[in-house]
2 protein chains.
Amino acid sequence: MESQDLRKAGLKVTLPRLKVLEILETADHRHLSAEDVYKAMLEMGEEIGLATVYRVLTQFEGAGLVSRLSIEGGHAVFELEDGSHHDHLLCVRCHRIEEFVDEVIEQRQQVIAAEKGFEMTDHSLYIYGVCKHCQKEK
Amino acid sequence: MESQDLRKAGLKVTLPRLKVLEILETADHRHLSAEDVYKAMLEMGEEIGLATVYRVLTQFEGAGLVSRLSIEGGHAVFELEDGSHHDHLLCVRCHRIEEFVDEVIEQRQQVIAAEKGFEMTDHSLYIYGVCKHCQKEK
DNA sequence: GTGTAAATGAGAAGGATTTTCATTTATATT
DNA sequence: AATATAAATGAAAATCCTTCTCATTTACAC
């Protein structure tokens with residue numbers, strides 16, 4: 001089933017690629033760094049090189065299978081692409097990531113870009129804060 | 001005048017720090033990477049180490065004198081803090097950076113954070129696109 | 001089955017930033 | 001003004017994340 005996605009993207013169906021897909025699909029949180037994927041692979045008892053994880057994730061991104069978040073402070077985070085555009089809320093304490101869509105913001109961005117004479121190609125919006133859980137803890 | 005700002009921040013008034021401030025104030029664009037500041041210093045005939053530039057900019061950030069933008073794809077960019085919050089439009093071709101404020105977006109973010117149970121501490125919004133100038137060029 | 005181009009793993013290399021540490025400097029104290 | 005001392009500096013090494021190189025392995029078309 002996933003093999004088709006890989007083939008469609010012009011990628012050979014290899015074990016590392018299938019396993020990375022599997023991890024992205026079954027992990028308990030939707031947002032994983034390359035390192036997270038790498039560790040999950042090892043825990044799963046699968047041999048893989050970190051370089052391969054990065055390569056595969058980048059290829060998946062190119063193929064539209066995953067998207068890459070560029071979060072403040074360093075390392076990239078990947079999520080399975082589900083076709084729905086959304087932005088992110090990040091907990092500054094526990095690093096939990098939640099998703100949201102807001103049509104008002106989407107549209108205002110278009111207006112602002114137009115006002116400034118920009119042809120908008122993309123945007124990135126992150127709201128940082130303390131999540132419900134972490135608020136309780138103190 | 002700037003010396004006061006440094007003292008207030010608990011920082012000794014040193015030549016490197018004064019010069020970095022001067023560069024931030026007089027540069028032709030408001031948004032400079034550490035490397036940009038470093039080069040400007042050298043062109044100005046001032047000796048400085050790159051490590052010092054990074055240190056000083058980070059301290060200035062801590063003191064609220066500058067803010068750090070975390071743009072997609074690598075290196076940080078700094079701008080003099082003028083008290084006014086704003087977001088950024090970035091040209092994907094020439095890397096020009098423009099600023100904007102939008103009250104509608106600001107407020108929607110508050111609403112969204114509240115809906116998700118987050119205590120919002122900060123946010124980062126970047127709109128990417130092709131600027132007016134670069135549209136003409138092709 | 002076999003050839004070939006693509007994929008892999010290990011380690012080296014890369015870029016941005018931070019750290020270490022010996023030396024210098026600003027400022028508080030004589 | 002001289003001095004003590006804590007902070008600041010510069011250079012180089014170290015770190016972090018990511019990409020590249022290259023020799024070896026593998027998927028897949030014939």
Side-chain angles (χ1 to χ4, degrees), chain A residues 2-23 31-42 44-63 65-79 95, chain B residues 2-23 31-42 44-63 65-79 95:
Chain A
E2 299 100 2
S3 318
Q4 303 314 319
D5 295 330
L6 293 179
R7 268 188 255 276
K8 244 182 283 176
L11 300 171
K12 284 187 187 171
V13 178
T14 64
L15 207 64
R17 299 218 254 238
L18 288 173
K19 287 291 174 190
V20 170
L21 264 189
E22 184 184 335
I23 284 163
H31 302 91
L32 300 172
S33 68
E35 194 71 33
D36 291 337
V37 173
Y38 176 64
K39 284 182 189 154
M41 288 284 277
L42 298 188
M44 212 168 174
E46 294 291 333
E47 294 285 307
I48 196 170
L50 185 53
T52 302
V53 174
Y54 275 104
R55 252 184 314 234
V56 166
L57 287 171
T58 301
Q59 292 158 342
F60 284 4
E61 188 192 9
L65 298 175
V66 307
S67 4
R68 179 192 302 253
L69 312 192
S70 304
I71 290 174
E72 248 171 50
H75 64 300
V77 173
F78 299 84
E79 65 180 18
H95 303 110
Chain B
E2 298 99 1
S3 320
Q4 302 314 318
D5 295 330
L6 293 179
R7 266 189 257 276
K8 245 181 284 177
L11 301 171
K12 285 187 187 172
V13 179
T14 65
L15 208 65
R17 300 216 255 238
L18 287 173
K19 288 292 175 189
V20 169
L21 265 188
E22 184 183 335
I23 283 163
H31 302 92
L32 299 173
S33 67
E35 194 72 33
D36 291 339
V37 172
Y38 177 64
K39 284 184 188 150
M41 289 283 279
L42 298 187
M44 213 170 174
E46 295 290 334
E47 294 285 309
I48 197 169
L50 185 53
T52 301
V53 174
Y54 276 103
R55 251 184 314 234
V56 166
L57 287 171
T58 300
Q59 292 159 340
F60 283 5
E61 188 192 10
L65 297 175
V66 308
S67 4
R68 179 193 303 253
L69 312 191
S70 305
I71 292 173
E72 249 170 51
H75 64 304
V77 173
F78 298 84
E79 67 180 16
H95 303 110

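Naming: A, B, ... by sequence-line order, numbering from 1 per chain.
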Could you check whether [X] gets within reach of a base, just the sugar-phosphate, or nothing at all, counting any heavy atom under 4.0 Å?
{"X": "B:R17", "answer": "sugar-phosphate"}
{"X": "B:R68", "answer": "nothing"}
{"X": "A:T14", "answer": "sugar-phosphate"}

Exercise. May I ask you to test the A:D5-A:L11 pair for a side-chain heavy-atom distance under 4.5 Å?
Key: no
Quiz item: Going through the distances and angles, do B:D36 and B:I23 end up as a side-chain contact (heavy atoms from CB on, under 4.5 Å)?
Solution: CA-CA 10 Å; B:D36 291 339; B:I23 283 163; over 6 Å; no
Using whole Å, report how far [atom1] of [X] lies from [atom2] of [N].
{"X": "B:L50", "N": "C:dT20", "atom1": "CG", "atom2": "C1'", "answer": "16 Å"}
{"X": "B:H75", "N": "D:dT18", "atom1": "NE2", "atom2": "C1'", "answer": "16 Å"}
{"X": "B:Q4", "N": "C:dA26", "atom1": "CD", "atom2": "C1'", "answer": "15 Å"}
{"X": "B:L6", "N": "D:dA8", "atom1": "CG", "atom2": "C1'", "answer": "12 Å"}
{"X": "B:L15", "N": "C:dT27", "atom1": "CG", "atom2": "C1'", "answer": "16 Å"}
{"X": "A:E47", "N": "D:dT24", "atom1": "CD", "atom2": "C1'", "answer": "15 Å"}
{"X": "A:E35", "N": "D:dT19", "atom1": "CD", "atom2": "P", "answer": "13 Å"}
{"X": "A:K19", "N": "C:dG9", "atom1": "NZ", "atom2": "P", "answer": "13 Å"}

Exercise. On DNA chain D, check which nucleotide each of A:A51 and B:I48 is closest to and give me the residue with the more 5' one.
Key: B:I48
Quiz item: Where do A:L6 and A:L65 land on the side-chain contact (heavy atoms from CB on, under 4.5 Å) test, with the steps shown first?
Solution: CA-CA 9 Å; A:L6 293 179; A:L65 298 175; 4.2 Å; yes
Exercise. Just jot down the side chain to side chain contact (heavy atoms under 4.5 Å, CB included) partners of B:E47, sequence neighbours excluded, or say none.
Key: none
Contact list (N/O, under 3.5 angstrom) for nucleotides 3-6 of chain D vs protein:
{"unit_1": "D:dA6", "atom_1": "N3", "unit_2": "B:K12", "atom_2": "NZ", "d": "3.4"}

Quiz item: Distance only, no hydrogens: is a donor on one side chain within 3.5 Å (strictly under) of an acceptor on the other, for A:R55 and A:T58?
Solution: no
Quiz item: For B:V56, does its backbone N or O pair with a side-chain atom of B:R17 as donor and acceptor, under 3.5 Å?
Solution: no
Quiz item: Mapping B:R55 and B:F78 onto DNA chain C by nearest heavy atom, which one lands closer to the 5' end?
Solution: B:F78
Self-check item: Minimum heavy-atom distance A:L57-A:V37, with the two atoms named
Solution: CD1-CG2, 4.4 Å
Self-check item: Phosphate OP1/OP2 of C:dT17: any B:Y54 side-chain N/O under 4.0 Å
Solution: yes
